[in-house]
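Let me begin by presenting the structure, written as structure tokens, before commenting on it.
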Amino acid sequence: MFVYYISSIDILKKCGIINIQNKMEGGNGMKLLTKVLTVLLCASMGVGTVQCLSGVDCRQDKKVDVIYSYCTTQSKYYSTENADEFEESISEEDGVNIIYRLDYEPYDDGIRSQITHETDFSTVESLLASARHESKRYHSEKKATFIESMGIMNDASDYDIIMDSYSPFLVISFDTFSLYEENYDKFIENAVYSDEVKEIFVESSREVENTATIASTSPNYSIADALIDIEATSQTYTGDGIKVGIMEAGGVAFNSSHSELNGVQIYTIDGQTTVSSHAVNVTRLLCGNNGVARGIDAAYIYYVPTTSESVPAMEWFLENNCNIINLSMGVSSQLKQYGWFSGYMDYHVRYNHISVVAAAGNYGSNGISPPGTGYNVITVANVDANWQLNASSSYGTDSSLDLRKPTVAAPGTSIVIGGENIGSGTSYSAPIVSGVIAKLMQQYPALKILPEAVIAILAVSAENVSGHDISGWDPHVGAGLINYENAQEAANNYATFALANDQLGVVRFSTDFTTSINRELRVVAVWLAPSLTYNENFTASSNRHTDFDLYLDAPNSSVSASLGSSNIEFIKIYNSLYRTLTAKIKQAAAKPSGIDDYGAIAWFA
């Protein structure tokens with residue numbers, strides 16, 4: 001038998017004998033300075049195996065790592081696997097959230113296979129209602145099992161449980177860092193060894209911000225002119241039968257908040273009574289009397305001051321059968337990054353059939369703010385009356401993410417509605433896109449079940465933006481300026497796919513179509529990411545989505561290809577020869593384990 005003196009924190013924690021913490025006063029309050037390590041006598045039973053002393057509860061290797069996120073005083077965001085680094089960055093009074101993503105199979109309802117382009121409104125509504133009912137039952141049962149196994153109490157005085165019943169995400173919220181420390185063993189130490197947990201994030205409570213009211217010297221841009229420019233003046237379709245959820249960082253809006261909201265069915269939750277001019281203006285643009293979609297069924301507005309509050313907001317939206325979520329807000333301390341907030345939105349788009357529209361942010365080259373960094377999120381840039389990008393409109397994401405962002409652009413500079421200049425910002429661009437989607441969903445009800453098709457249709461039907469060469473995917477304006485009439489036509493020109501199994505290097509799906517010649521032709525393929533956030537190299541996207549390539553072929557010849565590694569592929573050519581073409585996707589890399597791919601290919605000339 002060999003005797004070792006072990007000082008590894010991980011091994012000591014595994015053996016359950018770290019039980020002393022020294023603290024001292026300093027900096028912004030009580031900080032964890034060091035841990036007193038106890039010498040452990042172990043016997044080596046073979047390479048890589050450690051056996052604990054008799055009577056000590058030894059656990060197997062950790063099942064999941066913990067990602068700690070914090071923000072410096074300069075509002076710079078960091079992620080780390082070092083708990084001490086996180087603890088040293090915040091004060092005793094700072095709130096802390098633990099976000100679990102539980103490890104169980106997603107609920108996959110299969111309703112995509114039950115619809116066609118022509119599926120009527122009532123059938124779509126019935127399918128969605130049934131799917132969401134089963135999703136709620138499934139996730140509620142899974143979470144109840146986890147809560148019981150962890151000994152989590154719903155009525156605890158030192159923490160709050162924040163969760164929705166439609167996803168594997170669950171938040172434990174502490175008002176202060178001290179309360180988090182007191183509960184560390186219960187919520188972190190136990191969880192990292194649990195087979196029920198896939199990902200754990202610990203973050204200091206992070207506020208979200210509105211993304212509008214940016215000063216601008218650009219010419220006024222009336223909403224009437226904006227609707228002309230994006231060809232959305234027609235009120236044949238008004239969003240009737242569509243429900244929209246609106247997350248707002250500053251407050252809510254009511255019918256009485258503005259005359260343009262008279263007649264709009266607006267709902268808020270009890271206790272949220274603070275009116276925000278930002279919320280009022282976003283709602284006016286989306287569905288007010290002078291807005292884009294003037295006949296929606298209802299707008300559900302939820303005040304979301306911090307990222308964790310997005311969880312009960314999403315629960316409420318799904319309970320009320322919302323089809324679109326508008327987020328004219330973002331997290332400025334997390335620019336360019338993915339994180340759990342974006343992953344959370346990606347999950348709901350993929351599995352709960354909801355289109356999420358987010359403002360890109362007003363931080364220019366500093367980067368796009370979450371949740372606009374979500375793979376499945378429609379991220380919107382801001383252009384002015386001359387179809388030029390507003391200098392404040394955010395662009396750029398971490399290069400390792402392989403994101404095509406923004407998705408599209410929309411008017412958002414010096415917006416005038418009802419004779420009032422309400423300012424500028426991507427906050428005002430996003431609801432214009434949400435309104436267009438509402439009109440499309442009324443006309444084409446199947447789109448309520450197919451958020452992947454919504455993304456493809458908006459991107460393929462967009463128009464070029466002044467100063468930006470959209471020959472591939474522009475890093476500032478994405479696919480370009482949205483166009484409602486083009487999108488109406490493109491909504492007749494798409495095909496969806498659902499791909500299981502792993503067939504590397506093989507054409508997985510193809511669709512033939514006819515088109516006009518001597519015109520610009522666009523083809524877009526979109527497939528939904530499964531929203532995993534973390535893997536062993538921390539920022540890489542290799543476990544977030546399958547890599548497909550898009551090919552455009554004519555009979556007996558190859559025309560063009562898009563060989564990127566994002567979940568969106570884009571081809572734009574001038575087609576002077578071919579009336580019949582084939583769009584196909586080939587699997588370029590191995591699938592992340594255990595996922596099916598849901599996607600759509602759309603074309604427009």
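Numbering of residues begins at 1 and proceeds along the displayed sequence.
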Legend entry - Any donor-acceptor N or O pair under 3.5 Å, side chains Tyr303, Glu309: no

Legend entry - Lys243 NZ/CZ over Tyr300 ring centroid, <6.0 Å and within 45° of normal: no

Legend entry - Distance-only donor-acceptor check, side chains Thr238 and Asp240, under 3.5 Å: no

Inset, instruction - Considering non-hydrogen atoms only, spot the tightest contact between Asp547 and Ser565 and give its length. - result: OD1-CA, 3.5 Å

Inset, instruction - Decide if the gap between the ring center of Tyr100 and the ring center of Phe146 is smaller than 6.0 angstrom. - result: yes

Inset, instruction - Would you kindly say whether Asn575 and Thr515 are connected by a side-chain donor-acceptor distance under 3.5 Å? - result: no

Legend entry - Distance-only polar pair, side chains of Glu196 and Thr145, donor-acceptor under 3.5 Å: no

Legend entry - 4.5 Å side-chain heavy-atom contact, Phe548 and Glu569: no

Legend entry - Flag side-chain contact, heavy atom, 4.5 Å: Ile324 against Ile296: no

Legend entry - Side-chain donor/acceptor of Tyr375 to backbone N/O of Leu401, under 3.5 Å: yes

Inset, instruction - Assess whether atom CZ of Arg137 is packed by more than 12 heavy atoms of other residues, nucleotides or ligands within 6.0 Å. - result: yes

Inset, instruction - Answer with yes or no whether the side chains of Thr379 and Lys405 bring together a donor and an acceptor at under 3.5 Å. - result: yes

